Student: 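Can you keep this structure in mind? I'll have questions shortly.
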Amino acid sequence: MNSEQQRFLALFDALVEANNAWMTRTPKDKWNWVPFDNPNMKFGDRISTITIKSVFIHTIVGEVQWASMLPSVADGAEMKMDPPKIKALTQQLDETSDLIGESMKLHAQNMQAFAEISENQLAKNLRWSGRDWTVMGFLWGIYSHRSYHLGNIDIFMREADEPAPDFFSNFRQQMA
């Protein structure tokens, strides 16, 4: 495993821990609170009602899909999501009584998949969402996606009149 992959794994794991801290501190009665209701309050086709919980689940589902594809994606291939699997996992997570616990089980599986990607595989090219990436570059895209939506959750918590955790004090003492 190269140093960039090791750095990604350390930073991504810490980011997921920080995201879980946000969720743990948010009262469950606020998880499904809708901050605004207008036609622009959606993320693509998959999140039509934005809530703290729906954004959190969205990040998990995306990461599970990507972790299943990246280790074996062919050089130059276009990655596409699997809508039936997305719908099933989204429903499963939405209905679980232990969303944080379930998310951490899936995160552990994702981390294992990301750690096992070979250096040769990391250098392969792929196409996602109209853009070209290397597998290693896409791993950083996954980090950015989680970070972006953590920012959404932070704003939604504040709009729901809940104190959001301080970002930097929520990270591990030693990052990477």
Side-chain angles (χ1 to χ4, degrees), residues 1 4-36 41-44 46-71 81-82 85-117 136-176:
M1 179 181 320
E4 184 178 6
Q5 186 179 15
Q6 289 174 343
R7 183 172 294 275
F8 163 78
L9 291 169
L11 291 170
F12 184 65
D13 195 40
L15 183 63
V16 170
E17 286 179 7
N19 198 169
N20 287 344
W22 257 256
M23 293 301 292
T24 300
R25 290 183 182 181
T26 304
K28 286 190 178 182
D29 66 322
K30 299 287 179 131
W31 283 15
N32 288 312
W33 174 80
V34 178
F36 308 97
M41 286 304 291
K42 63 182 182 173
F43 289 116
R46 293 190 302 138
I47 302 181
S48 57
T49 303
I50 295 178
T51 65
I52 291 168
K53 184 178 180 183
S54 70
V55 172
F56 184 66
I57 290 172
H58 165 79
T59 62
I60 298 162
V61 171
E63 291 161 11
V64 167
Q65 289 281 291
W66 296 321
S68 72
M69 292 186 279
L70 288 175
M81 291 297 222
D82 184 336
K85 285 184 180 177
I86 289 169
K87 185 175 182 177
L89 183 54
T90 299
Q91 183 174 354
Q92 174 190 332
L93 292 170
D94 190 47
E95 294 173 356
T96 186
S97 61
D98 183 15
L99 180 56
I100 304 297
E102 288 300 311
S103 75
M104 286 310 294
K105 288 177 191 172
L106 293 168
H107 175 66
Q109 294 169 9
N110 295 342
M111 290 292 288
Q112 181 75 30
F114 295 150
E116 291 175 355
I117 298 174
M136 187 68 242
F138 196 80
L139 287 175
W140 287 116
I142 293 170
Y143 179 92
S144 298
H145 179 258
R146 174 69 80 140
S147 183
Y148 171 79
H149 286 308
L150 179 56
N152 298 137
I153 291 169
D154 176 88
I155 290 169
F156 300 158
M157 285 178 68
R158 294 170 198 275
E159 288 289 328
D161 198 25
E162 292 297 328
D166 173 64
F167 183 75
F168 286 106
S169 65
N170 254 299
F171 273 111
R172 297 176 183 159
Q173 188 65 31
Q174 177 70 36
M175 286 297 295

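Throughout, residue positions are numbered sequentially from 1 according to the sequence presented. Given the structure is predicted, the values throughout are model-derived calculations rather than measurements.
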Student: Is a side-chain N or O of Thr24 found less than 3.5 angstrom from the main chain of Ala21, in a donor-acceptor match?
Tutor: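 No, Thr24 side chain to Ala21 backbone: no donor-acceptor pair under 3.5 Å.
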Student: Which pair of non-hydrogen atoms, one from Met69 and one from Met81, has the smallest distance, and what is that distance?
Tutor: CE-SD, 4.0 Å
Student: So does Asp82 get a backbone contact from the side chain of Gln65, meaning a donor-acceptor N/O pair under 3.5 Å?
Tutor: yes
Student: Could you tell me whether Arg7 and Glu4 have a side-chain N and a carboxylate O separated by less than 4.0 Å?
Tutor: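 No.
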Student: Measure the shortest side-chain to side-chain distance between Arg146 and Ile60 over non-hydrogen atoms and say whether it is less than 4.5 angstrom.
Tutor: yes
Student: Looking only at atom types and distance, does a side-chain atom of Lys30 sit under 3.5 Å from a main-chain N or O of Met157, one as donor and one as acceptor?
Tutor: no
Student: Any idea which heavy atoms bring Phe56 and Asn19 closest together, and the distance?
Tutor: CD1-ND2, 3.7 Å
Student: Ignoring hydrogens and angles, tell me if any N or O in the side chain of Gln5 forms a donor-acceptor pair with the backbone of Ile117 under 3.5 Å.
Tutor: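 Pair found, side chain donor or acceptor close to backbone of Ile117.
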Student: Closer than 3.5 angstrom, by distance alone: can the side chain of Ser144 be matched with the main-chain N or O of Trp140 as a donor-acceptor pair?
Tutor: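 Yes, the answer is positive, given that a donor and an acceptor are paired below the 3.5 Å cut-off.
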Student: Using modelled atom types and a 3.5 Å cut-off, is there a donor and acceptor pairing between side-chain atoms of Gln109 and backbone atoms of Val64?
Tutor: no
Student: Decide yes or no for Leu89 and Leu106: does some side-chain heavy atom of the first lie under 4.5 Å from some side-chain heavy atom of the second?
Tutor: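 Yes, at least one pair of side-chain atoms sits under 4.5 Å.
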Student: Mark yes or no for whether Thr26, through its side chain, and Trp22, through its backbone, hold a donor-acceptor pair below 3.5 Å.
Tutor: yes
Student: Between Phe114 and Phe8, how do the two ring planes meet: parallel, tilted or perpendicular, split at 30° and 60°?
Tutor: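 Because their plane-to-plane angle is over 60°, the rings of Phe114 and Phe8 count as perpendicular.
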Student: Assert yes or no for the condition that the ring centre distance of His107 to Phe12 is strictly below 6.0 Å.
Tutor: yes
